[in-house]
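The block underneath contains the structure these notes are about, expressed in structure tokens.
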Amino acid sequence: MASAGLQLLAFILALSGICGIITATLLPNWKVNANVGSNIITAIIQLQGLWMDCTWYSTGMFSCTLKHSILALPVHVQAARTTMVLACILSALGICISTVGMKCTRLGGDRETKSRTTFAGGVCFILSGVSGLIPTSWYMKEIISNFWDPTIPEHNKHEPGGAIYLGFISTVLLFLAGVIFCTSCLKRHQETRHHPPKQQGSLSTQPENNAGYNLKDYV
């Protein structure tokens, strides 16, 4: 029951992680630049994401432009696109696999098969967490290095947006879910090694003993 409870907790963490990683991939606020200027009426907030750039004016107007050209993007943005999409795919695959292998479901066959399926789902979650952690860390490094670069003008400097922090939290949740799934399977294997199933040798000796008693009755 404890292992089933841990698997249920890991599944809830994985669901939260996949929702967060998909949201972080689609949000346009990976980096933010607030340009107030000399007049508060003309203040604008520039948001840049993986797929679009948005501008929010103080007057209430909001406009976004899609990034159509892939080759024109910086290297870290191209890598972030690829790895974040890969993290979404791996986490979705891990949800499907772990659902089959969990103890509380009636799918996946016998206990050994369900244990291996659960372990495979945990590996998918760990890989998705690593795939999501790489672009968020790289993107954060680029923002911080450009912010402290004296050669870059002030109006071109940005700060980390909410999508990066959401990506960090989601990758940690996915990684924890994968670790819990894998450790629950390892504990189950250790229990089967220390407590192997009883052999049926005693059961096979009972008919022989009964047969012996029957022969003595006839003597």
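- The hydrophobic cluster containing F147 also contains M140, counting ILVMFWY residues as joined when their side-chain heavy atoms lie under 4.5 angstrom apart, directly or transitively.
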Output, in order, the C-alpha distance, side-chain angles, deciding distance and verdict of side chain to side chain contact (heavy atoms under 4.5 Å, CB included) for Q7 and T118. CA-CA 9 Å; Q7 288 183 358; T118 306; 3.8 Å; yes
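- To the nearest 0.5 Å, atom CD1 of residue I18 and atom CG of residue L93 are 10.0 Å apart.
- Between C182 and I126, some side-chain heavy-atom pair lies under the 4.5 Å cut-off.
- One finds the CG atom of L166 at 4.0 Å from the OG atom of S170 (value rounded to the nearest 0.5 Å).
- Linking ILVMFWY residues whenever their side-chain heavy atoms come closer than 4.5 Å, directly or via other members, leaves F175 and L127 in distinct clusters.
- Across S131 and T83, no two heavy atoms sit closer than the pair O-CB, 3.4 Å.
- The aromatic rings of F181 and F125 lie parallel to each other, with less than 30° between the two planes, well short of the 60° mark.
- Rounding to the nearest 0.5 Å gives a distance of 11.5 Å between OG1 of T82 and CD1 of I134.
- The salt bridge (Lys or Arg N to Asp or Glu O under 4.0 Å) search around K141 returns none, not counting sequence neighbours.
- Counting heavy atoms from C-beta outward, C124 and I97 have side chains that approach closer than 4.5 Å.
- Put simply, CG on L8 and OG on S184 are 12.0 Å apart, with the number rounded to the nearest 0.5 Å.
- In terms of heavy atoms, S128 sits closest to L90 at CB-CB, 3.7 Å.
- The two atoms that bring P28 and C54 nearest to each other are CB-SG, 3.9 Å, heavy atoms only.
- Every residue two or more places apart in sequence or in another chain that forms a side-chain hydrogen bond (donor to acceptor under 3.5 Å, both in side chains) with T151 is listed here: D149.
- A heavy-atom distance below 4.5 Å is found between the side chains of C88 and T25.
- Summarising the local packing, CD1 of I70 is surrounded by 12 or fewer heavy atoms from other residues, nucleotides or ligands at distances under 6.0 Å.
- E142 contributes atom CD, which lies 4.5 Å from atom OG of S145 (distance to the nearest 0.5 angstrom).
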Residue pair I21, T171: steps toward the side chain to side chain contact (heavy atoms under 4.5 Å, CB included) verdict: CA-CA 7 Å; I21 203 72; T171 53; 3.8 Å; yes
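- Cluster annotation: F62 and M52 are assigned to distinct hydrophobic clusters (Ile/Leu/Val/Met/Phe/Trp/Tyr, side-chain heavy-atom contacts under 4.5 Å, transitive).
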For H158 and Q48: C-alpha separation, side-chain torsions, deciding distance, then whether side chain to side chain contact (heavy atoms under 4.5 Å, CB included) applies. CA-CA 9 Å; H158 298 78; Q48 295 186 17; 3.3 Å; yes
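- Inter-residue side-chain proximity for I164 and Y139 is flagged as met; some heavy-atom pair is nearer than 4.5 Å.
- With values rounded to the nearest 0.5 angstrom, M61 atom CE is found 12.0 Å from I44 atom CD1.
- M84 is listed as a side-chain neighbour of L50, based on a closest heavy-atom distance under 4.5 Å.
- Closest non-hydrogen pair, Y165 versus G161, comes out as CD1-O, 3.1 Å.
- For the pair A163 and A24, the tightest heavy-atom approach, listed with the atom from each and the gap, is O-CB, 3.5 Å.
- The closest side-chain heavy-atom distance from T136 to W30 is below 4.5 Å.
- Closest non-hydrogen pair, K31 versus I143, comes out as CB-CD1, 3.5 Å.
- Residues F168 and V172 form no side-chain contact, since every pair of their non-hydrogen atoms from C-beta on lies 4.5 Å or further apart.
- W51 and I22 fall within a single hydrophobic cluster, where Ile, Leu, Val, Met, Phe, Trp and Tyr are joined by side-chain heavy atoms under 4.5 Å apart, directly or via other members.
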Start with the C-alpha distance between K67 and L73, add both sets of side-chain angles, then the distance that settles side chain to side chain contact (heavy atoms under 4.5 Å, CB included), and finish with yes or no. CA-CA 8 Å; K67 296 180 178 180; L73 297 175; 3.6 Å; yes
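- In the hydrophobic clustering of ILVMFWY residues, with side-chain heavy atoms under 4.5 Å counting as a link, V32 and W56 come out together.
- Contact annotation: the side chain of V77 never approaches that of W138 to less than 4.5 Å [non-hydrogen atoms, C-beta and beyond].
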